[in-house]
Amino acid sequence: MFEKILIANRGEIALRIHRACREMGIHTVAVHSTADADAMHVRLADESVCIGPPSAKESYLNIPAILTAAAITGADAIHPGVGFMSENANFAEMVEEHGFVFIGPTPEHIRLMGDKVTAKKTVKKLGLPTVPGSDGAVETVEEAQKVAAKTGYPVLIKASAGGGGKGMKIANNESEVAEAYQLARGEARISFGNDEVYMERYLANPRHIEVQLIGDTHGNAIHFGERDCSIQRRHQKVLEEAPSPGLNACERVKIGELAAKVIQKIGYRGVGTIEFLYENGEFFFIEMNTRLQVEHTITEMITGIDLVREQIRVACGLPLSYKQEDISFNGHAIECRINAENPETFAPSPGQIKGFHAPGGLGVRVDSALYDGYHVPTYYDSMIAKLVVHGSNRNECLLRLRRSLEEFFIGGIDTTLPLHQSIISQPDFINGDYTIHWLEHFLNME
Ligand code: ADP
């Protein structure tokens with residue numbers, strides 16, 4: 001097993017990884033920008049190295065600085081966390097070239113699945129259903145119009161390098177295609193430095209269902225069931241639950257086995273998630289994430305398995321500790337992503353925390369790097385805490401979540417805690433009756 005892991009991230013996810021390492025007897029190295037010198041991930045790590053100024057480009061995305069930090073501290077492996085370098089194949093390659101283990105898939109697998117066009121072609125060949133649309137990249141407006149006429153309206157134009165809901169535009173009729181096409185390409189160029197786009201039918205009322213997977217270097221691959229991440233704003237997840245209130249046990253097993261077979265066939269190492277849209281009893285692949293995800297916590301709550309621990313074990317070359325038949329699902333879990341934002345306008349709300357009280361009790365987990373007096377910096381993602389609640393069934397989970405949200409106090413800045421309180425008190429949500437458009441409709445109605 002590794003003796004020392006450098007965690008190339010910050011905030012709650014850096015802490016999450018630190019915790020798994022600690023329990024495995026592995027020493028941790030935190031890296032940080034000058035803005036994060038007082039951060040909790042730095043305070044708790046065994047060692048820390050400052051890797052640059054506040055801007056992420058010069059610190060958490062600074063490959064030479066991260067590799068130097070690993071070298072001077074004698075780390076064996078680098079965990080990229082989520083976001084930042086976690087899906088950067090060049091980074092994974094350089095980590096390994098410099099003699100460290102990258103805790104994640106091979107650079108080849110990150111490339112294969114990171115490009116959505118090649119990912120879609122690959123999984124289609126391996127038997128996964130995909131959203132009807134273009135056969136690959138769409139090079140011109142004329143081609144886009146032809147694909148749209150064949151696929152039917154509305155259509156979605158999506159960036160091949162897409163992520164975070166960027167570079168995605170809807171066209172409702174032929175005259176909208178040209179504009180949407182140009183807008184999507186422009187946004188993709190700015191966001192990803194790659195303006196290739198492809199097209200898909202825009203599904204009217206799907207749920208976002210994703211399957212948690214892991215593969216090892218011994219040819220084993222298993223699934224941990226699904227998560228429902230349909231509660232979204234601007235194509236970004238706000239609240240997630242497992243299992244999905246929209247699937248039955250038979251569908252769960254079927255989609256899980258199908259997804260696990262795909263990663264087994266490509267010889268995938270590490271944790272990963274295959275995302276689907278689900279509508280009228282049908283699944284359609286949309287993308288694969290070749291990393292740990294923010295919402296892995298709800299899967300941990302219903303399976304009792306530490307996914308980060310398993311991720312570290314397989315990166316080290318050990319076989320999976322579990323077989324598919326060892327995985328069972330117990331109860332229900334919901335995660336609320338709590339952001340430093342105004343709950344109505346969603347304007348970022350950085351600043352000093354004045355008073356902090358996290359909820360507790362049976363079935364309640366708070367993953368957060370906040371503390372009283374901490375200053376939430378302006379430079380990074382606005383997510384400051386994840387409230388994760390488990391109950392023996394969905395109803396118990398909802399009641400526990402309601403009381404946990406009431407107990408949660410974060411003073412000094414605006415947070416999205418009131419938004420979560422309002423979502424979970426809506427009859428549609430209580431009934432599990434929602435799709436990917438539900439939250440946007442609800443926010444527009446208010
Ligand atoms: P990203 O990588 O930017 O997150 P995804 O392909 O994962 O992009 O899609 C993000 C979200 O966008 C989905 O969860 C869903 O809400 C919406 N979406 C994506 N593709 C479609 C589609 N074909 N029809 C309707 N909604 C879609």
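Since we're looking at a predicted model, the values are computed, not measured. In listed order, ligands and their atoms are each counted from 1.
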Checklist line | Atoms in ligand 1 flagged as close to Gly162, the criterion being non-hydrogen separation under 4.0 Å | finding: 2 (O)

Note to self: Under 4.0 Å from a heavy atom of Glu275: which atoms of ligand 1 are those, numbered in the order shown and with their elements?
What the structure shows: 7 (O)

Check: Got an N/O contact under 3.5 Å between Pro206 and ligand 1?
Finding: no

Next item on the list: Mark the output for Met168 as yes if a heavy-atom distance to ligand 1 is under 4.0 Å, and as no if none is.
Entry: yes

Check: When you measure from atom 3 (O) of ligand 1 to every protein heavy atom, which one gives the shortest distance, and what is it?
Finding: Gly165 N, 2.6 Å

Checklist line | atom 19 (C) of ligand 1: the protein heavy-atom neighbour that sits closest, reported with distance to 0.1 Å | finding: Lys158 NZ, 3.4 Å

Check: Just wondering, do Ile66 and Phe91 contact through their side chains at under 4.5 Å, heavy atoms?
Finding: yes

Check: Between His235 and Lys166, is there a donor-acceptor pair closer than 3.5 Å when you use the side chain of the first and the backbone of the second?
Finding: no

Note to self: Looking at ligand 1, would Lys116 count as a contact under a 4.0 Å heavy-atom criterion?
What the structure shows: yes

Item checked: Donor-acceptor under 3.5 Å (Tyr60 side chain, Ser33 main chain) -> yes

Check: Taking the six-membered ring where the residue is Trp, are the ring centres of Tyr202 and His437 under 6.0 Å apart?
Finding: yes

Notebook entry, point to check: Got a donor-acceptor contact below 3.5 angstrom from the Glu87 side chain to the Ile110 backbone?
Noted result: no

Notebook entry, point to check: What is the nearest protein non-hydrogen atom to atom 12 (O) of ligand 1, stated with its residue, atom name and distance?
Noted result: His235 ND1, 3.1 Å

Next item on the list: Check ligand 1 against Leu156 and write out every atom of the ligand that is under 4.0 Å from a heavy-atom position of the residue.
Entry: 19 (C), 20 (N), 21 (C), 22 (C), 23 (N), 27 (C)

Checklist line | Which residue and heavy atom of the protein sit nearest atom 26 (N) of ligand 1, plus the separation | finding: Ile436 CD1, 3.4 Å

Notebook entry, point to check: Between Gln232 and ligand 1, does any nitrogen or oxygen pair lie at a separation below 3.5 Å?
Noted result: yes

Note to self: With salt bridge (charged side-chain N to carboxylate O under 4.0 Å, His left out) as the rule and sequence neighbours excluded, what pairs involving residues 298-311 come up?
What the structure shows: Arg16-Glu300, Arg16-Asp306, Glu300-Arg365, Glu310-Arg313

Checklist line | SB check Arg233 Glu341 (cutoff 4.0 Å) | finding: no

Next item on the list: Considering only non-hydrogen protein atoms, determine which one is nearest to atom 7 (O) of ligand 1 and report residue, atom name and distance to 0.1 Å.
Entry: Glu287 OE2, 2.7 Å

Check: By side-chain hydrogen bond (donor to acceptor under 3.5 Å, both in side chains), which residues pair with Gln264, not counting sequence neighbours?
Finding: none

Check: Tell me: protein heavy atom nearest atom 24 (N) of ligand 1, and distance?
Finding: Leu203 N, 2.9 Å

Notebook entry, point to check: For the side chain of His296 and the backbone of Gln293, is there at least one donor-acceptor N/O pair under 3.5 Å apart?
Noted result: yes

